[in-house]
Amino acid sequence: EVQLVESGGGLVQAGGSLRLSCAASGFTFDDYAIGWFRQAPGKEREGVSCIDNSDGSTYYSESVKGRFTISSDNAKNTVYLLMNSLNPEDVAEYYCVAVFLAAGFYKWDDPYEYAYWGHGIQVTVSS
């Protein structure tokens, strides 16, 4: 059974940092792309970042580029999202997502690309 478990969310002051973790199980890590989406109240889901574990390629939305860094620890089957310079626009529920690469992977920021979703974790930034 595929499982994605997020951790590391919480409350931080504007300008601060958080590191989200996504612990994956139930599949061969290197065969998947794993990413992060977020959804703020009243807004659509937004692709934040993704890493292709087969070759290490990374992707970022324009809104987080230069502030967020995605990384992968294959030995721990865990993907991390280091979020720096957080601001109130980053407040959202963050979801870890995964897709089996051999099934086709065309648009990293399309939520319908991803078959597997974690339960989500809240990130709150106080101004």
Side-chain angles (χ1 to χ4, degrees):
E1 179 189 3
V2 172
Q3 284 194 322
L4 302 170
V5 180
E6 303 99 337
S7 61
L11 172 65
V12 65
Q13 286 190 330
S17 300
L18 283 175
R19 189 180 76 161
L20 302 183
S21 299
C22 174
S25 61
F27 59 85
T28 302
F29 201 65
D30 290 355
D31 292 341
Y32 281 70
I34 298 179
W36 294 90
F37 276 71
R38 67 185 181 186
Q39 188 165 23
K43 294 188 177 180
E44 292 187 355
R45 283 177 298 182
E46 175 192 11
V48 176
S49 184
C50 178
I51 185 166
D52 178 342
N53 283 323
S54 71
D55 64 9
S57 299
T58 57
Y59 308 89
Y60 297 94
S61 69
E62 286 300 317
S63 61
V64 307
K65 197 173 291 184
R67 299 188 298 124
F68 291 12
T69 303
I70 193 168
S71 61
S72 182
D73 186 335
N74 288 25
K76 296 183 178 180
N77 281 12
T78 300
V79 169
Y80 303 98
L81 184 69
L82 176 61
M83 306 185 294
N84 294 325
S85 302
L86 286 162
N87 59 63
E89 287 69 45
D90 297 314
V91 173
E93 189 83 0
Y94 283 70
Y95 297 90
C96 181
V97 297
V99 59
F100 181 46
L101 291 163
F105 182 52
Y106 304 105
K107 198 170 186 299
W108 77 268
D109 57 351
D110 182 351
Y112 293 100
E113 289 274 356
Y114 299 89
Y116 303 103
W117 289 70
H119 290 298
I121 194 163
Q122 181 67 34
V123 170
T124 303
V125 183
S126 62
S127 56

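- In the hydrophobic cluster analysis, where Ile, Leu, Val, Met, Phe, Trp and Tyr join through side-chain heavy atoms closer than 4.5 angstrom, Phe105 is grouped apart from Phe29.
- Val5 and Ile70 fall into different hydrophobic clusters, defined by Ile, Leu, Val, Met, Phe, Trp and Tyr side-chain heavy atoms under 4.5 Å apart, directly or through other members.
- Atom CG in Asp30 sits 8.0 Å away from atom OG in Ser72 (nearest 0.5 Å).
- Take Gln3 and apply the side-chain hydrogen bond (donor to acceptor under 3.5 Å, both in side chains) test, not counting sequence neighbours, and it matches no residue.
- The side-chain heavy atoms of Trp36 and Cys50, taken from C-beta on, include no pair separated by under 4.5 Å.
- Nearest approach of Cys96 to Leu4, heavy atoms of both residues: O-CD1, 3.6 Å.
- The structure places CZ of Arg38 at 13.0 Å from CD of Glu93, a figure rounded to the nearest 0.5 Å.
- Residue Val99 comes nearest to Gly104 through the heavy atom pair CG2-O, 4.1 Å, listed as atom of the first residue, atom of the second, then distance.
- In this structure, the side chain of Gln13 does not engage the main chain of Ser126 through any donor-acceptor pair within 3.5 Å.
- Of the possible donor and acceptor atoms, one in the side chain of Glu6 sits under 3.5 Å from a partner among the backbone N and O of His119.
- For the pair Asp109/Ser61, no side-chain contact is recorded, criterion being any heavy-atom separation below 4.5 Å from C-beta on.
- Residue Asn53 holds its CG atom at 8.0 Å from CG of Leu101, rounded to the nearest 0.5 Å.
- Smallest separation of non-hydrogen atoms from Gly9 and Val123: CA-CG2, 4.4 Å.
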Could you please spell out the steps behind the side chain to side chain contact (heavy atoms under 4.5 Å, CB included) verdict for Leu11 and Gln122?
CA-CA 8 Å; Leu11 172 65; Gln122 181 67 34; over 6 Å; no
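- Considering CG of Asp90 and CD of Glu46, their distance stands at 8.5 Å, rounded to 0.5 Å.
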Ser71 vs Asp73, side-chain hydrogen bond (donor to acceptor under 3.5 Å, both in side chains): CA-CA, chis, key distance, verdict:
CA-CA 7 Å; Ser71 61; Asp73 186 335; over 6 Å; no
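- Both Val48 and Val125 sit in one connected hydrophobic cluster of ILVMFWY residues. Membership requires side-chain heavy atoms under 4.5 Å apart, directly or through other members.
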Using residues 77-86 as the side-chain source, report each donor-acceptor pair under 3.5 Å to any protein atom, sequence neighbours left out, with the distance given to one decimal.
unit_1	atom_1	unit_2	atom_2	d
Thr78	OG1	Lys76	O	2.9
Asn84	OD1	Ser17	OG	2.7

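- Ring geometry, Tyr59 versus Trp108: the interplanar angle falls under 30°, so the pair is classed parallel (tilted spans 30 to 60°).
- Side-chain contact between Ser63 and Glu89: absent, with no pair of heavy atoms (C-beta onward) separated by less than 4.5 Å.
- Centroid-to-centroid, the aromatic rings of Phe100 and Phe27 stay 6.0 Å apart or farther.
- Taking every heavy atom of both residues into account, Gly8 and Leu18 meet most closely at O-CD2, 3.8 Å.
- Atom CZ of Phe68 and atom CG of Leu20 lie 8.0 Å apart (nearest 0.5 Å).
- Taking hydrophobic clusters as Ile, Leu, Val, Met, Phe, Trp and Tyr residues chained together by side-chain heavy-atom distances below 4.5 Å, Ile121 shares a cluster with Tyr116.
- For an aromatic pair to be called close, the ring centres must be under 6.0 Å apart, and Tyr95 with Tyr114 fails this.
- Expressed to the nearest 0.5 Å, how far OG of Ser49 lies from CZ of Phe37 amounts to 10.5 Å.
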